[in-house]
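The chain is numbered in sequence order, starting from 1.
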Amino acid sequence: MLPIDAAAHSSRWRHRHPLEKALLGIGLTVTAVCLPPWPGGPLVAAATLGVLLGPAGVAGRQLWRAFRIPLGFCFTGALPLLVAVGGPAGFVALAPDGPRQAVELLLRTSAASLGVLLFAFTTPVSDVLPRLVRAGVPAPVVDVALVMYRIGFLLLDSLARVRQAQAARLGTTGRAAAWRSVAGLAATSFVRAFDRAARLQSGLAGRGYDGALRVLVPESSLSWRFLCWSGALLAGLVAVTLVLKELYL
């Protein structure tokens, strides 16, 4: 199991309705995108971090390990705004307004990424997918997603076991051995993926699969107190951002 999935299953908000956490996480993401990047981005990021590390109970080390990957994409997406290709300054030159646009994009995307992580760290995928059928998503689409979610973890476990076996047999002692190990790892994973799929199909057929995977969904009711608290947080962020922007102007 991936660390973020393990954290979601052990979260303090594990038994809350997924719609509550989705409205809060998506609301923070939309707020980060729609509000002015300054001071909206830092305010939304600070509020999201406060919720993640406080009421949601996410460990700081786990949050950083998950956040550094999208943060790297945020930096990568902001860097091209620093240069301009073509024009009187030359083929490649510094963009006149590049640093400001790069910082604004970085503030927005990093704050929006934290909003997505809020939902991911508090809501297991197994709680979301079965409820999508009630929301109108076709059942076969949800079934395929559930199966792929399960197979993904099985393949990751197989990769880890094969990699451990290769290391125990000195398969990573040199460059040539490492390349052979990588090739063997890819080939073994390819074969095991088809084997897992065939075994899964046989297991479903043996259990009378009729086109729908029926799973137990934990019952949970919407908390209007939580929804009101989330709405007040989002409204407060919007109000404070607009007031501070007027003061800066």
Side-chain angles (χ1 to χ4, degrees), residues 1-11 14 25 52 58-83 85 91-92 102 105-106 109-110 112-130 132 140-207 209 211 213 215:
M1 183 176 290
L2 296 177
I4 193 169
D5 292 279
H9 280 278
S10 60
S11 172
R14 168 70 170 79
L52 279 166
V58 179
R61 181 174 297 181
Q62 288 181 329
L63 178 60
W64 168 243
R65 290 182 62 184
F67 180 57
R68 61 186 179 182
I69 297 177
L71 184 61
F73 283 102
C74 295
F75 273 102
T76 304
L79 287 178
L81 297 178
L82 297 175
V83 299
V85 179
F91 181 71
V92 178
L105 179 63
L106 182 61
T109 53
S110 57
S113 300
L114 285 173
V116 176
L117 288 177
L118 173 62
F119 181 73
F121 265 105
T122 57
T123 311
V125 177
S126 57
D127 286 353
V128 178
L129 290 179
L132 293 179
V141 176
V142 177
D143 292 346
V144 171
L146 282 170
V147 171
M148 294 304 298
Y149 177 70
R150 174 61 177 168
I151 288 180
F153 284 110
L154 293 176
L155 290 180
L156 287 176
D157 181 66
S158 298
L159 287 173
R161 291 176 181 271
V162 173
R163 192 64 178 171
Q164 184 179 7
Q166 290 176 340
R169 290 170 174 81
L170 304 180
T172 58
T173 54
R175 181 176 298 179
W179 280 110
R180 286 194 299 268
S181 297
V182 170
L185 180 64
T188 304
S189 302
F190 182 79
V191 173
R192 287 195 176 188
F194 279 91
D195 179 65
R196 293 280 189 179
R199 290 165 59 185
L200 179 61
Q201 182 179 4
S202 300
L204 290 175
R207 290 168 175 80
Y209 177 67
L213 292 174
V215 297

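The two residues Leu106 and Cys74 come nearest to each other via the heavy atoms CD1-CB, 3.7 Å. Across every non-hydrogen atom of Leu63 and Leu117, the tightest pair is CD1-CD1, 4.3 Å. Residues Thr76 and Pro80 come closest through the heavy atom pair O-CD, 3.0 Å.
Under the side chain to side chain contact (heavy atoms under 4.5 Å, CB included) criterion, Pro70 pairs with Phe67, Ser113, sequence neighbours left out. Scanning for salt bridge (Lys or Arg N to Asp or Glu O under 4.0 Å) contacts around Arg163 gives an empty result, with sequence neighbours left out. For Ala120, the side chain to side chain contact (heavy atoms under 4.5 Å, CB included) test picks out Ile4, with sequence neighbours left out. Partners of Arg65 according to the side chain to side chain donor-acceptor pair (under 3.5 Å) rule, which considers only residues two or more places apart in sequence or in another chain, do not exist here. Taking Ala8 as the reference, Pro124 meet the side chain to side chain contact (heavy atoms under 4.5 Å, CB included) condition, with sequence neighbours excluded. With sequence neighbours excluded, the residues that form a side chain to side chain contact (heavy atoms under 4.5 Å, CB included) with Arg180 are Ala176, Ala177.
Once rounded to the nearest 0.5 Å, the distance linking CZ of Phe75 with CG of Leu105 reads 11.0 Å. Atoms CG and CG, on Leu114 and Leu71 in that order, are 8.5 Å from each other to the nearest 0.5 Å.
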